[in-house]
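Structure, as structure tokens:
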2 protein chains.
Amino acid sequence: MTPEDDVCEIKAVDGKKVRAIRRSMLTDHEAVSLSETFSVLADPTRTKIIYALSREELCVCDIASLLKMSLSAVSHQLRILRNMRLVKFRKESKMVYYTLDDEHITTLFHEGLKHIRE
Amino acid sequence: MTPEDDVCEIKAVDGKKVRAIRRSMLTDHEAVSLSETFSVLADPTRTKIIYALSREELCVCDIASLLKMSLSAVSHQLRILRNMRLVKFRKESKMVYYTLDDEHITTLFHEGLKHIRE
DNA sequence: TCGATAGTTGAATATATGTTCAAGTGTAAT
DNA sequence: ATTACACTTGAACATATATTCAACTATCGA
């Protein structure tokens, strides 16, 4: 057994199998960014926002009205989407218009939608 | 304005635009199941388990050793994956062997992985 | 039968997350 | 200037979730 295999007390491990998989295993960093990516889509409010923006550019007001939610709640969620660089926005006088800005997420989104609709 | 548009005090809504999108909007149920689907992949421990099982059938011990986590923690996560019908298992004497049991999730998983690795 | 091993489970704890509320910013109209 | 509007933001709160711990089941070997 190599040192990295005996970090726990477990006896019944197939060491060879485990080492083979460990060689190609996701790094901690990969696992975290992967799960963070999926986390964006792991909330119904955000999936609705993403769906709506996949149809058309919308201001915060439009989204709030569409989802029947408060401006504040929507704005908080848009900030998350902004931080993850999934949406971009333009300001026109007092209004702020959002659009989708990541085709990968759109692809994931539609894969997932296909999945639940089958 | 139709009654469904004035649930909030917002004035600057583009009613026509909003109504058009609302017609094809995700239902609450769709949004919830979609986000639940993505929630499965929204945790680094589970993404690692799914990755490992995409390579080979493994017992709980193997997974715990691979992830350097407690049996209990792994077992709790496997229960979530079982409840979502993403893994299946077979018992062989004292050991329980898990395998992946949902190709859709595997597809989503690899889409996401492609995304973060680009 | 007894002890050891593989795994599950419920309760407890800690942390993350979503919404609300209240206060703030910036722009435009009066 | 002042008011109204379209947001944004920080704090507070409630809820969800991941891990640990301890207790439990079930199977195997001595």
Side-chain angles (χ1 to χ4, degrees), chain A residues 6-15 17-18 28 31-32 35-50 57-84 87-98, chain B residues 7-14 17-18 28 31-32 35-50 57-84 87-98:
Chain A
D6 56 9
V7 281
C8 64
E9 307 303 310
I10 299 165
K11 303 293 161 71
V13 174
D14 184 334
K17 209 193 239 183
V18 168
D28 284 351
V32 168
S35 62
E36 280 173 352
T37 300
F38 287 116
S39 294
V40 176
L41 297 161
D43 173 81
T45 298
R46 286 194 297 273
T47 61
K48 285 183 177 183
I49 292 176
I50 288 171
E57 179 187 66
L58 293 168
C59 70
V60 185
C61 253
D62 286 339
I63 300 171
S65 164
L66 186 61
L67 307 195
K68 306 185 185 188
M69 288 180 62
S70 70
L71 273 183
S72 178
V74 169
S75 186
H76 277 295
Q77 294 300 340
L78 286 169
R79 182 160 56 129
I80 292 172
L81 296 174
R82 251 163 32 221
N83 289 344
M84 299 290 279
V87 297
K88 63 183 177 209
F89 61 95
R90 69 182 175 87
K91 293 185 180 176
E92 185 177 316
S93 75
K94 283 185 289 187
M95 325 257 282
V96 181
Y97 288 94
Y98 282 85
Chain B
V7 281
C8 65
E9 308 305 309
I10 299 165
K11 303 291 163 70
V13 175
D14 183 334
K17 210 194 240 184
V18 168
D28 284 350
V32 168
S35 61
E36 279 173 353
T37 300
F38 287 115
S39 292
V40 177
L41 298 161
D43 173 80
T45 298
R46 285 194 296 272
T47 61
K48 285 183 177 182
I49 292 176
I50 289 171
E57 179 188 67
L58 292 168
C59 69
V60 185
C61 254
D62 286 340
I63 299 171
S65 165
L66 185 62
L67 307 195
K68 306 186 184 187
M69 289 181 61
S70 70
L71 274 181
S72 178
V74 169
S75 186
H76 277 297
Q77 295 300 339
L78 285 170
R79 183 161 54 130
I80 293 173
L81 296 173
R82 249 162 34 219
N83 290 345
M84 300 290 278
V87 298
K88 63 184 175 206
F89 62 94
R90 67 180 176 89
K91 292 186 182 176
E92 186 178 316
S93 77
K94 282 186 292 187
M95 325 257 283
V96 181
Y97 288 95
Y98 282 86

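Just so it is clear, the model here is predicted, and its values are computed rather than measured. Both backbone and side-chain heavy atoms feed into the values below; hydrogens, waters and symmetry mates do not. Proteins come first, then strands; the chains are lettered A, B, ... in the order of their sequence lines, and each starts at number 1.
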### Task
Write down the distance between NZ (A/K48) and C1' (C/dG18), rounded to a whole number of angstrom.
14 Å
## Note on the structure
What residues 35-47 of chain A contributes to the DNA chain C interface at heavy-atom separation below 4.0 Å is A/D43, A/T45, A/R46
### Query
Can any side-chain N or O of B/R90 pair as donor or acceptor with the backbone N or O of B/Y97 at less than 3.5 Å?
no
### B/T47 side-chain N/O to B/P44 backbone N/O, donor-acceptor pair under 3.5 Å
yes
### Query
Would you find a donor on one side and an acceptor on the other, under 3.5 Å apart, between the side chain of A/K17 and the backbone of B/E57?
yes
### Query
To the nearest angstrom, how far is A/M95 atom CE from C/dT27 atom C1'?
12 Å
## Note on the structure
To the nearest angstrom, the NZ-P distance between B/K94 and C/dT8 comes to 14 Å
### Message
With a 4.0 Å cutoff (strictly under), does any side-chain N or O of A/Y98 reach OP1 or OP2 of D/dT8?
### Response
yes
### Query
Tell me, which of residues 72-80 of chain B have any heavy atom that sits under 4.0 Å from an atom in DNA chain C?
B/S72, B/S75, B/H76, B/R79
#### Entry: d(NZ, B/K91; P, D/dT25) in whole Å
14 Å
### Task
Select one nucleotide: of D/dT27, C/dG7, D/dA6, the one nearest the side-chain heavy atoms of B/V60.
C/dG7
### Below 4.0 Å: OP1/OP2 of C/dT9 and any side-chain N or O of B/R82
yes
### Query
Which of these nucleotides, D/dC5, C/dT20, D/dT8, is closest to any side-chain atom of A/S70?
C/dT20
### Task
Side chain of B/V96 only, please: which of C/dA28, C/dG7, D/dT8 is the nearest?
C/dG7
